Structures are given as structure tokens and as C-alpha cells.
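Take a look at the structure set out below.
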Amino acid sequence: MDYEKLRKELVEKLIKAGTLKSKEIIDAFLSIPREEFCLPAYKDKAYIDVPLPIGWGQTISQPTTVAIMTEALKPKEDSRILEVGTGSGYQAAILAFIAKNGFVYTIERIPQLAKFAERNLRKVGIKNVKVFIGDGSLGLKEYAPFDRIIVTCCCPKIPPPLLEQLAKGGIMVLPVGDHPMYQRMTVIEKRDEGDLRMYEIGFFSFVPLIGIYGFKSDSF
Ligand code: SAH
């Protein structure tokens, strides 16, 4: 399989659709091999624009979704980023590639997936990411504040610890809602303490955030 050719074709499609816009995000999509974050049985589908199973009932997000969330997050070269929901590690790799002089802290509740992600990140040579095991709905207080926070599982409500751990001038992107098929992708800009700008950028479907400030179990 000529993965590089397939990768370029997918990126061109996402640019034409208006989903990928920023040069640094396009570079990241061209540089990070999505096939390395897929289970062996799904590698040949890595450049079809769909989510794919990664085990334990979870999925690697659809490339269109990763593109939309990354564009909304506006990561910078020196951003300190928190990701909740490491999964395969693909979104973390895209962010770490852009935040070359920054760092990505990513947290996953399923230990086997945290290991899977660590392996995948090592394979592609991404070093500025650390994978944590735990309940990401609590954030990572000891490393806060974060310039950017991205949640790649669906939140019933905005988890208060994440809002607290967002730096002044920071941006958070997260799907919010309690319908299993449709959640509102929400962007929050913290202009100052207590001065938030919030807007929504469409409907998406995610696996649930399970935790103290999330859902209580896998079923919505
Ligand atoms: N960003 C991932 C997509 C992962 S799917 C990727 O690029 O592949 C969402 C992930 O969130 C799942 O792996 C799920 O186990 C995880 N998750 C759910 N609730 C969580 C919580 N409270 N803390 C951390 N991870 C959580």
C-alpha cells in the first residue's frame, strides 16, 4: 500500500472541503502516518475518512473531526496542551508536531490504550508527549495551567476542573451533550478569569467521557 500517496490524497480532499486550512496543521497531517495508530487489521483503511476501532470499545477519530478540532484549537509552536482521551495517540501526535517547542499532556482511562498510544508515538518518533493513566475529567492539576485543552470524548457538561486549568488567553475544544449520536462541538476562549467566549461549531458523535465529571458508565 502506498500510504504516502493515500495520505496526500486525503489531505487534498480535506483542504478542498475547507476543513484543513492552516499551513502548520496541513504539514502535521502530511507528516504523521495515521496507519501507525491503527490496529493491524485496519491499517489499509487508515486513509478512508472514517473513525476506526482501536479495541476496548473505543475508536480513533475520523480525520475530518481531527482536522476541525485542531483548527478550532489553534495550537501554537510553544503551546502547553492537555488532551483528555488519548485513544490511539493520533490526535496527540498531530498536536505535538505543531507544538514543536511546547508539550502535550494526554490522559487516558484505559491502561491498555495508554500503552498502545505510547508505543504508536514512539514508532513515529514523537517525543514531546507524555501519556497519563487516569480520569481526565479531573484534568492534570499538577501541570496546569494549559494554553490549550482538547477533549476527544463526549462530556455531559463542561468539566469544571478543565475550565479552571485553562490558562488566561487559552482555548478549549470539547464535544458536549448527552445524546449518544449528536453532541455539540464547543469552543471556549478564556479571555480572563470569569470572562469566557463560547461558541459551537457543529454536531459530532463521540464515545462518552467516563469519570467524576463525565458519565457514570459506557451507556449514555
Ligand atoms: N484522541 C483519540 C480518540 C480517542 S476516543 C485518538 O486520536 O485516537 C476517546 C478516548 O477517551 C477513549 O480511548 C476512552 O477510553 C477515553 N476516555 C473516556 N473517558 C475518559 C476519562 N475520563 N479520562 C481519560 N480518557 C477517557
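In this text, all values refer to a predicted model and were calculated from it rather than measured experimentally. Both counts, for ligands and for their atoms, begin at 1 and track the order of listing.
- For E193 (side chain) and K168 (main-chain N/O), no donor-acceptor pair under 3.5 Å exists by modelled atom type.
- For residues 105-125, the pairs satisfying ring pair (Phe, Tyr, Trp, His ring centres under 6.0 Å) are F103-Y105, Y105-Y143, Y105-F146, with sequence neighbours left out.
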Contacts table for ligand 1: protein N or O within a distance under 3.5 Å of ligand N or O, distances only.
from	atom 1	to	atom 2	distance (Å)
ligand 1	1 (N)	E83	OE2	3.0
ligand 1	1 (N)	G85	O	3.0
ligand 1	1 (N)	T152	OG1	3.1
ligand 1	7 (O)	Q91	N	3.1
ligand 1	8 (O)	S88	N	3.1
ligand 1	8 (O)	S88	OG	2.6
ligand 1	13 (O)	E108	OE1	2.7
ligand 1	13 (O)	E108	OE2	3.3
ligand 1	15 (O)	E108	OE2	2.6
ligand 1	19 (N)	I210	N	2.9
ligand 1	22 (N)	D135	OD1	2.9
ligand 1	22 (N)	I210	O	2.7
ligand 1	23 (N)	G134	O	3.4
ligand 1	23 (N)	G136	N	2.8
ligand 1	25 (N)	R109	N	3.2

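- Checked by atom type, the side-chain pair E71/S22 shows a donor-acceptor distance below 3.5 Å.
- Taking CE from M69 and CD1 from I25, the interatomic distance works out to 12.5 Å, rounded to the nearest 0.5 Å.
- No option in E35, E9, K13, R34 other than E35 meets the side-chain hydrogen bond (donor to acceptor under 3.5 Å, both in side chains) test with Y47.
- Here the OG-NE2 distance, from S205 to H179, works out to 9.5 Å after rounding to the nearest 0.5 Å.
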